[in-house]
Structure formats: C-alpha cells, structure tokens
Amino acid sequence: MSARRELPWLMLVWLVAMCVAFRDPILSGFDLGFGDRADGVIEISLLEHWRNVLAGHALWNRPIYFHPHADTLGYNDGYLLFGLVYSFWRNWADPFLADTLNAATFKTIGFFASWWLARRTLGWQAGVALLVATLFTISNAMAIHAVHAQLQSVALVPVAAILAIGTVRAEVAGARARARGFAAALAVLMGAWLLTAYYMAWFTLWFACLFVLSWSIVTGAWRPARAIGLIRAHGGTIATGIGTFAIAVVPFLSVYLSKAQETGGHGYWKMLGYLVTPLDLVNSGPGNLLWGWVNSGARALLGSFAADPDLPRRVFGGEHESGFPVFLFVLAVAALWRVLRRRPPADPVLFAFALAVFAGWALTLQLWVASPWGVVFHLVPGAKGLRTVSRYQIFLVLPVLLLVAAVFRHRLAVLFERRRAPALALVALLLVEQINTVPAAQLSRAANWVPLTHIPPPPAGCRSFYAVRTHRAEPLYRSPEMQAKHPHNDDSMLLAQLWRVPTLGGYSTFQPADWVFDRPLAPDYDARAARYIAAHRLSGVCRLDMADPVPWRRIDRP
C-alpha cells in the first residue's frame, strides 16, 4: 500500500481509537476527565506547578505545598513532560479540560509512535501496524487504570524503542554520528521520563536490561573477550548514551534520592499485596465486555468462603485488574512457546526479546507470600520505589503485542488471502476483548472546578494558607478516612498554584514527617496547625473555610 493510500486509513483508525479511549469524556461533553476527586486534582496541581515554572513564578523542584518544606516535588511523580504539554493547552482551556487534552496528546503520541515502530522501523505490513497501534491505544488495562494519569506515559515506550533500534542500526551501518544522536536523544528522553512518571520509566529501563542480558546469553556476548570487543568497537556510541544519561538523570536524582532516604521508599510487605497472582495474568476486570465474568466469578467464589466480605475486592479488584484479555493472553503464551522452544534460535534478537518478556513477567508472580520479585526488590536499584508492581503488566502491553505480531503476522496475512471472514473475526475478537465498560473518567469539571472558581483569593498579607473546607458541602469521598485526608488538602494544592500562594497542607505519595493537616473538622485541627506554624516560625498564615460566612481568617504565630 502506497503512503498516499495509507494515510487516510491511518487517520481514520486513529480517530476511531481515540473515540473509543475517550468515549466517557466525549459523551459527557468534556465535563468528565480521567482521574478522581483525589489523584486527579493532585495531578492537575503538579501540572499547574510546571506552568508556573515556565512562567518564571516557581522553582522547578519546589511546588508550593507542604510549605515551608523544600524539594517537595520528590514526594510524588514529577509530571515534567506532562506539564510541558499541559502548559500549551492551558493557553485555551481551564485546568481540568487541559488535563484531558494532555491525556489525549499522549494517547496520540502512543498511537502514532507504535504505528511507526511496527510499520517503518520494523517494516511490517500496513494492516498489522494499524492493529498493533489500535490495540495499544485502546488497551483494556490502560483503560481501567487511566484514573492514574502518570500511567499515560506508557505512550513513550514505542518512542524509546524507535530510538534504541535506530541507535543500533545506525551503529551497525557505520553511521556513527547518527547513532550517537539517537543514543543521546534516548538518554534525554529517559532522564525526562523519570522526572515525569517513575513507574513506566523504570519498567522500560528494567526491560531493556533484561533484553540486553538475554541477548548476551543467546549470542555469547556475555563472555569477557566478546564483551570487551563489543565495547571497544562501539565505545563512542556507548559512552555518548551513558554520558548523556548521567547528565540527564541529575535533576531526577537531586530530587528523589534525598526523599528516598527520608521516607525509606515502599517496604517489602507493603509491596507484596500488589504483585501479580496467577489469575491476575488474565484479570481484565469485571467490566470487560467479553471476559468480565472471570473476575466476577473469582470474586463470587472467594466471597462464598471468606469471612471478610471485602477480601474478594482486595484480592481481585483495584490494581490487580491489570491482566490481558484471554485471547491475547493465549496468543502471547503460544508466541512465547514457538520462539523459546527452538534451539538454536532462528532469530537471536526475537529469542532474546521473548526471553525478556517471559523473565520479566515471571518475576512479578506471587504465590502466597513467596515471589521472585523479592530478589529484584532488594538487589536492583530503584525497585524499592515501586509499590504497585502489577502495573508492569500495563508496560508489557506493547512488548506482548509486538511479540504476537512478530510470530503470527505472516499467518494472519495468509489467512486474510485464503479465508477473509475467519481472519476478520479474529481481528474483531482482539479488538472487542479490549473494551471495558467501567468508566475511568470520574473527575467532573462542574462538580470540582466550578466551585473552586468561586473561592475568593487570599487577602493581602497572606503569605501562606491552610484549608479546612474548600466546598460549603460536598459528597463523601470514598470513606471517612479518605475524606479526612483528601478534599481540603488536594484542593489547597491546586489553589496554591493558581494563586501562587504556598499552602501548608497538601497530600502526596509521601508526606513530611511533621505533616498534621488531616481530619480538618476535628476539634484539635487548628491547634495542630498552630503548633506547625510555630515550629516553622511562619508569619502571615491564613485559614480558609468556605463553610464560614467569612472564608478567610488571619492566623498569627504565637
């Protein structure tokens, strides 16, 4: 198919895939955005932080929450690349709509990058490239977990793959300058990605290490003489990539190393409940159009034996709903078997890729309290920063699609030529089984943004503030425990960025050791705040309570 004939199909398929992925925001008239009352508002506040940085109103590593603590960016994902895109959209849209447009931008990057990877970089058939890009864009697991905005950075996986393959090919072809340019670009991308969304960036580096290790074993490059020879032959490009990454990763390390030492990261036992159980491999959630009964049936079965009525949800719900739809999973297992059983391998690169997929996937498995991930957790740098290891399955969506396509694309082409109806049915099954009816877009602009626009800004003389209530009345957020932590703190983070006035409160993955801004309606809340103000010798602090006739009140330090 010529490029001129291919382009209309490419744009049409992209439009359909985007309509599927963004059907909830579209059908709501763009009132609903991805995220929820807590995570969504926290994320938007960090995106506003980067907008303030670009405008020269803030230091890049110091969002103005948890005031006066320094380097507070390190308590959460940094959202750097998201913030750059978001700041562009904020020229025309309010924060909530700009956040949705940011997600759409990264979805678009993921679609076209995965298509380019399959069609141009790997040279596969046009139909196969479109299918890979579509399945990657409408992925069931990503649809369920779109509530976690940072996971949208999975769209950068094909970008990194294109740059990595470009580096190797240019180096082999003797185009050293081109190879070093690709290597430097990849290093800069990874540095910025780590400062954007840690999970997907770390998973990408982890998978790359597994692939290189697998390739070294398959080709014998692990032997010292061979390894030294490869380093000598390609030392310039290797040094360029490593050297550029060493520089690009400095901002990330400067922020997060100190916070890792302060917080200790995520403990092993806290992480253990978020590994991949055997059922999680195909746990596509109760809302999956074809396979939801797998999750529902497992919950019902466990519920009939469990004394705790909430146990089925904890075991099979939430982050555990990250598995592959059954048909794609079966194809993945078949592809792994076909590649890994051959000795010697017909294609060492494909063998190493399959081995990396298998090994990385297997390491995340949990059998009661035992898991090989414990070795990774204790020995691999950065692994202690991961709590929800099951999200690795979201990263694996593209590698699995590429593996399945590499093994079965010729068979599919032959089937299309000889028996088109069954071939179309198989493609339709792959597409339909990715559809999930559970809405991930839960953040309403009308319910959450509009009330914030009615809050008067802090009076003159307010150098910082803390919040009691930011709404006169609003529904309970999940539970009394969650309500005590989130709404007032999350809103105060966003308001602080909009007003460019620091807030003492806030909420994040981690909090400072002396954080006291939960339970705002408790009788001792103001006393706790007063002790915090005195301990940090703050002045010009104001108190916000939208339930009071006069929302703002000045708090003088004792």
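From a predicted model like this one, the values you see are computed outputs, not experimental measurements. Positions are given from 1 along the sequence.
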Taking only residues two or more places apart in sequence, or in another chain, which ones meet D71 in a side-chain contact (heavy atoms from CB on, under 4.5 Å)?
N61, K259
In terms of the angle between their ring planes, are Y274 and H320 parallel, tilted or perpendicular, with boundaries placed at 30° and 60°?
parallel
Aromatic ring proximity, centroids under 6.0 angstrom, Y507 and Y65:
no
H536 vs Y532 aromatic rings, parallel, tilted or perpendicular, using cut-offs 30° and 60°?
tilted
With no hydrogens and no angle check, is any side-chain donor or acceptor of N52 less than 3.5 Å from a backbone partner on Q497?
yes
Contact between E474 and R37 at the side-chain level, heavy atoms closer than 4.5 Å - yes or no?
yes
Strictly by modelled atom types, are Y75 and Q511 linked by a side-chain donor-acceptor pair under 3.5 Å?
no
Quick one: are D491 and V41 in side-chain contact, heavy atoms under 4.5 Å?
yes
Less than 3.5 Å apart, any donor N or O on the side chain of S87 or W50 sitting next to an acceptor on the other?
no
Sequence neighbours excluded, which residues qualify as salt bridge (Lys or Arg N to Asp or Glu O under 4.0 Å) partners of R23?
none
Ion pair check, D514 and R528, cut-off under 4.0 Å:
no
Which pairs with one or both residues in residues 370-385 pass side chain to side chain donor-acceptor pair (under 3.5 Å), sequence neighbours excluded?
none
